[in-house]
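Report on the structure given below.
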Number of protein chains: 4
Amino acid sequence: MSPRTNKQWESLRAEKRELIKQTALELFANEGFHSTSIEMIAQKAKISKGLLYNYFESKEDLLKEIIYSASNELWEKFDPNHDGILTDEEFIYFIRATLYAIEANPLFWRLYTVLMLKPNIVHIIGQELIKASAMHIHVLLEYIKIKAQTDVETEMFVFSSMLKGAILQFVSAPEMVPMAYIEKHITSFYAFRYKIDLQNITSK
Amino acid sequence: MSPRTNKQWESLRAEKRELIKQTALELFANEGFHSTSIEMIAQKAKISKGLLYNYFESKEDLLKEIIYSASNELWEKFDPNHDGILTDEEFIYFIRATLYAIEANPLFWRLYTVLMLKPNIVHIIGQELIKASAMHIHVLLEYIKIKAQTDVETEMFVFSSMLKGAILQFVSAPEMVPMAYIEKHITSFYAFRYKIDLQNITSK
Amino acid sequence: MSPRTNKQWESLRAEKRELIKQTALELFANEGFHSTSIEMIAQKAKISKGLLYNYFESKEDLLKEIIYSASNELWEKFDPNHDGILTDEEFIYFIRATLYAIEANPLFWRLYTVLMLKPNIVHIIGQELIKASAMHIHVLLEYIKIKAQTDVETEMFVFSSMLKGAILQFVSAPEMVPMAYIEKHITSFYAFRYKIDLQNITSK
Amino acid sequence: MSPRTNKQWESLRAEKRELIKQTALELFANEGFHSTSIEMIAQKAKISKGLLYNYFESKEDLLKEIIYSASNELWEKFDPNHDGILTDEEFIYFIRATLYAIEANPLFWRLYTVLMLKPNIVHIIGQELIKASAMHIHVLLEYIKIKAQTDVETEMFVFSSMLKGAILQFVSAPEMVPMAYIEKHITSFYAFRYKIDLQNITSK
DNA sequence: AATGAATGAGGGTTCATTCAT
DNA sequence: TATGAATGAACCCTCATTCAT
């Protein structure tokens, strides 16, 4: 009935949805969720306030959609069903992939970090992303476990904390702590510790 | 009219100020700054909204005061002018002191972490606390620099990140990642790495 | 392009108009005018919001059209030019016809009742329906006037009020106060009062 | 603690509450609930929008409070525990009292009538007022039952409908159908029907 | 010192209406 | 003819802040 084909339509809608989500993400990450008004999002996205509600049920729904999208991307990017233990090369690859996934969307990960600091955040962002993140780091930890130089728990704790701390620094100030810097040091550290020859591993 | 001396009055004022700050800290940390209303703080502190403005100029001023207090406490607790290099024992002590300072006020440090994730946060919390934190960790890093097993920059990066990551995990969920657990693993790791005998070091 | 004749088109348009009006009536009566959105009407009628404006100028215009239609129906159903006085039989018939006209469209009459309670409703619904209703009850009142057992004014007041009260009860809760019940009691009352033998009058 | 006594305060608050309720009642009754904005109420009552929420939780809560107040007044005015049957004199008194209670607050009763026409209104206004009204008319119906000239059910139906219809006319247009007019005809009708001598009954 | 009534700007949200397609 | 994306005014409500008492 409509003069436009369904395809065209859906595509237009999807694009606008994406525009709104991206705009909102920037503001949520930079100004904070509560400090960002619908008005601000609308202005930045150059749409009217009302239109936003044509795409999202509420401001909170918009936040959830942002989270869910990222969650899905993460699932798609990393195979959570990786079985078996990583080889040395795969380990380095996996670290790099992890870090550059973060780098690809620093705004989102800053937002995510802030949200994780809210008690009972589950009510807002659900479990999906948390699961996705955990599943992914699990693959790395399995490798660490095998290679542990000291007791396993400590080895895992150090890796886990270091990764989180590095990411925290990155999302706090990507320009001051660039991802390349982080990647270099983490791989150096583990290359030395686990006797991995980085020369043989193709850079990203 | 009042028989109270000036001293007593000032003391009472100081107590009430402290009460308001503590109450606000709990709410800011648990609910978020914007989700906490002056009304909520006043009710929890059992004072009137008006009185709060007798002690603090604005809601933002209250936040700043909370930050400043913590900053001062930090300066007092740790001697930032520690010169010379730490001994092995002092290093362990310093780590423990750092961690237990965090543990003593998890609400504050969660709030602080969230604030640090806001760009241009300087406008809100100023530089004091940042300087205090940096100065303090600097003492540890100087030690690390000396003991480095690999290249110095990596060694410092790993320590710095690990510490931040560990603290992040603690403030996110103190009951799931208790400080004692963190302390154990960090000290284990460095004791092994730097050949420090923990047996000889009196526990906190 | 279309092979349809003008007649067919007009007929289709009229049908769709009717569909929209009927759908809107249901919603206006059940949810209230202001609580019913154009969106709701369009969805229930399975058309688009835009199309509705192809048939009606505005939401208020739609309401007016609903009222006007009913007004016209009323004029058509009852001959307002009935001259001369009703016979006993005609009186009973007229009452029944009145009541069953109401029963045929309870939604409309509930809506109408609510609207009548708004001051200056004339601006919205105009005078037509009011005139039609008045004209119609006038025929009955003329009969009552003749048959009055007490003073005429009182007799007319009682009839007029009773009829309105009965209808009010019906539109408020048709399932609790069915029209058959109302009809039975009104006719009983007047049959007795005016010595009319209901046996001789064919039931509806 | 407060410089004003509690009594003064509560009194001021109660007065303002009453002002808001009365203002809102006028607007709700004249313009309709949904057509009345908080802004309108605030302007008419010469207060700020915000202040209204200091006295009522929401617009709907304000409506409920208006209904509840009227409900309570009704319970206080009429003794719902009247036992035994009314005397002729009491019957006339009761009718008059009923009608003049309506007359005392025509705005409220118009609002009430509109609300009663909404399906499932119970969710909004609760049962109290409905019970209060029913209990009150019940006393009159008990008397009617005894005095019935025809079959009891019809007699009660006629009275009940007539009363409701009369009130409906009054609330629709008090200036066109004044209460004195209504009272005169209802009492005339029943005085004649039940052989009551109105001369002996002191007028209101 | 202490209260809470009062303000009003600004928040999220809805919805009648328009218009490009 | 028919669609629904798009608009923006107006809605209800919240809240930091002020101020008379």
Side-chain angles (χ1 to χ4, degrees), chain A residues 1-6 8-9 12-13 16 34-42 46-62, chain B residues 1-2 4 9 12-13 16 34-43 47-62, chain C residues 1-2 4 9 12-13 16 34-43 47-62, chain D residues 1-6 8-9 12-13 16 34-42 46-62:
Chain A
M1 278 205 226
S2 165
R4 273 192 223 181
T5 66
N6 280 357
Q8 279 175 312
W9 257 44
L12 282 175
R13 267 193 80 85
K16 189 139 286 185
H34 286 102
S35 300
T36 301
S37 69
I38 295 289
E39 176 77 35
M40 286 162 70
I41 300 171
K46 287 181 182 143
I47 60 168
S48 67
K49 271 192 299 173
L51 187 57
L52 194 148
Y53 288 88
N54 205 320
Y55 290 86
F56 301 93
E57 284 183 6
S58 67
K59 193 185 177 187
E60 196 168 292
D61 178 53
L62 172 54
Chain B
M1 255 205 256
S2 166
R4 277 190 245 257
W9 271 116
L12 281 177
R13 268 193 77 84
K16 189 141 284 186
H34 286 100
S35 300
T36 300
S37 67
I38 295 289
E39 178 80 38
M40 285 163 70
I41 300 171
Q43 276 188 14
I47 60 166
S48 69
K49 275 186 293 176
L51 190 57
L52 193 148
Y53 282 86
N54 203 317
Y55 287 88
F56 301 92
E57 282 182 9
S58 67
K59 193 185 175 188
E60 196 168 288
D61 177 55
L62 172 54
Chain C
M1 258 206 257
S2 164
R4 277 189 244 258
W9 271 118
L12 281 176
R13 266 193 78 84
K16 190 141 282 184
H34 285 100
S35 300
T36 300
S37 68
I38 294 290
E39 178 79 39
M40 284 163 70
I41 300 171
Q43 275 188 15
I47 60 166
S48 69
K49 273 187 293 175
L51 189 57
L52 193 147
Y53 283 86
N54 203 317
Y55 288 87
F56 302 93
E57 282 182 7
S58 68
K59 193 184 176 187
E60 197 168 287
D61 178 55
L62 172 55
Chain D
M1 277 205 226
S2 163
R4 273 190 225 183
T5 65
N6 280 356
Q8 279 174 312
W9 258 45
L12 283 176
R13 266 193 81 85
K16 188 137 287 185
H34 286 103
S35 299
T36 300
S37 69
I38 295 290
E39 177 78 36
M40 286 163 70
I41 300 171
K46 287 180 183 143
I47 61 167
S48 67
K49 270 190 301 174
L51 188 57
L52 194 146
Y53 289 87
N54 205 318
Y55 290 87
F56 301 93
E57 283 183 7
S58 67
K59 194 185 176 188
E60 196 168 292
D61 178 54
L62 172 54

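Chain identifiers are assigned alphabetically (A, B, ...) following the order of the sequence lines, protein sequences preceding nucleic acid strands; residue numbering begins at 1 within each chain. All of these numbers come straight from a predicted model, not from anything done at the bench.
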Item to complete: In whole angstrom, give the distance that lies between atom CD1 of I41(C) and atom P of dC15(E).
Response: 12 Å

Worksheet item: Of all heavy-atom pairs between A42(C) and S48(C), which one has the smallest distance, and what is that distance?
Response: CB-C, 3.9 Å

Practice prompt. Apply side-chain hydrogen bond (donor to acceptor under 3.5 Å, both in side chains) to S58(A) and list each qualifying residue two or more places apart in sequence or on a separate chain.
Written response: none

Worksheet item: side chain to side chain contact (heavy atoms under 4.5 Å, CB included) with Q43(C): which residues, sequence neighbours excluded?
Response: E39(C)

Fill in: Rounded interatomic separation in angstrom, taking CD from E39(C) and P from dT14(E)
12 Å

Worksheet entry | Candidates dA16(E), dT18(F), dT14(F) - which lies nearest the side chain of K59(C) | dA16(E)

Item to complete: Return the set of residues passing side-chain hydrogen bond (donor to acceptor under 3.5 Å, both in side chains) with S35(C) (not counting sequence neighbours), or none when no residue passes.
Response: H34(D)

So which protein nitrogen or oxygen atoms get under 3.5 Å of nucleotides 7-9 of chain F's nitrogens or oxygens?
from: dT7(F); atom 1: OP2; to: S48(A); atom 2: N; distance (Å): 2.9
from: dT7(F); atom 1: OP2; to: S48(A); atom 2: OG; distance (Å): 3.2

Worksheet item: When the nearest nucleotide of DNA chain F is assigned to Y55(A) and to Y55(C) on a heavy-atom basis, which residue is associated with the more 5' position?
Response: Y55(C)

Worksheet item: For the pair made of CH2 in W9(D) and C1' in dA2(E), what is the distance, rounded to whole Å?
Response: 10 Å

Item to complete: Measure from CD on Q43(B) to P on dT3(E) and round the result to the nearest Å.
Response: 13 Å

Worksheet item: Which whole-number value in Å describes the distance from M40(C) CE to dT14(E) P?
Response: 13 Å

Discussion item. Rounded to whole Å, please give me the gap between CD1 in I38(B) and P in dT3(E).
Written reply: 15 Å

Worksheet item: When we call it a touch if two heavy atoms are under 4.0 Å apart, what does T36(C) touch: a base, just sugar-phosphate, or nothing?
Response: sugar-phosphate

Worksheet item: Closest nucleotide of DNA chain F for R13(C) versus for H34(D): which of these residues is on the 5' side?
Response: R13(C)

Fill in: Candidates dT17(F), dT1(F), dA16(F) - which lies nearest the side chain of S58(B)
dT17(F)

Discussion item. Show, in sequence, the C-alpha distance, side-chain angles and deciding distance for K59(A) and L52(A), and conclude whether the side-chain contact (heavy atoms from CB on, under 4.5 Å) test is met.
Written reply: CA-CA 9 Å; K59(A) 193 185 177 187; L52(A) 194 148; over 6 Å; no

Discussion item. If the cut-off is 4.0 Å, is Y53(A) near the phosphate of dT13(E), judged by side-chain N/O to OP1 or OP2?
Written reply: yes

Fill in: Canonical and wobble pairing (Watson-Crick, G-U, under 3.5 Å) of DNA chain E, dot-bracket with |
.||||||||||||||||||||

Discussion item. Y53(B): which residues meet the side chain to side chain contact (heavy atoms under 4.5 Å, CB included) condition with it, sequence neighbours left out?
Written reply: I38(B)

Item to complete: Using atom NZ of K16(D) as one end and atom C1' of dA5(E) as the other, report the distance to the nearest whole Å.
Response: 8 Å

Worksheet item: Between T36(C) and M40(C), which heavy-atom pair has the shortest distance, and what is it?
Response: CA-SD, 4.0 Å

Worksheet, complete the sentence: One should read off an interatomic distance between Y55(D) OH and I47(D) CD1, to the nearest 0.5 angstrom, of 8.0 Å

Fill in: Min side-chain heavy-atom separation L51(D)-K16(D) under 4.5 Å
yes

Item to complete: Have a look at F56(D) and say if it touches a base, only the backbone sugar-phosphate, or nothing, with a 4.0 Å heavy-atom cut-off.
Response: nothing

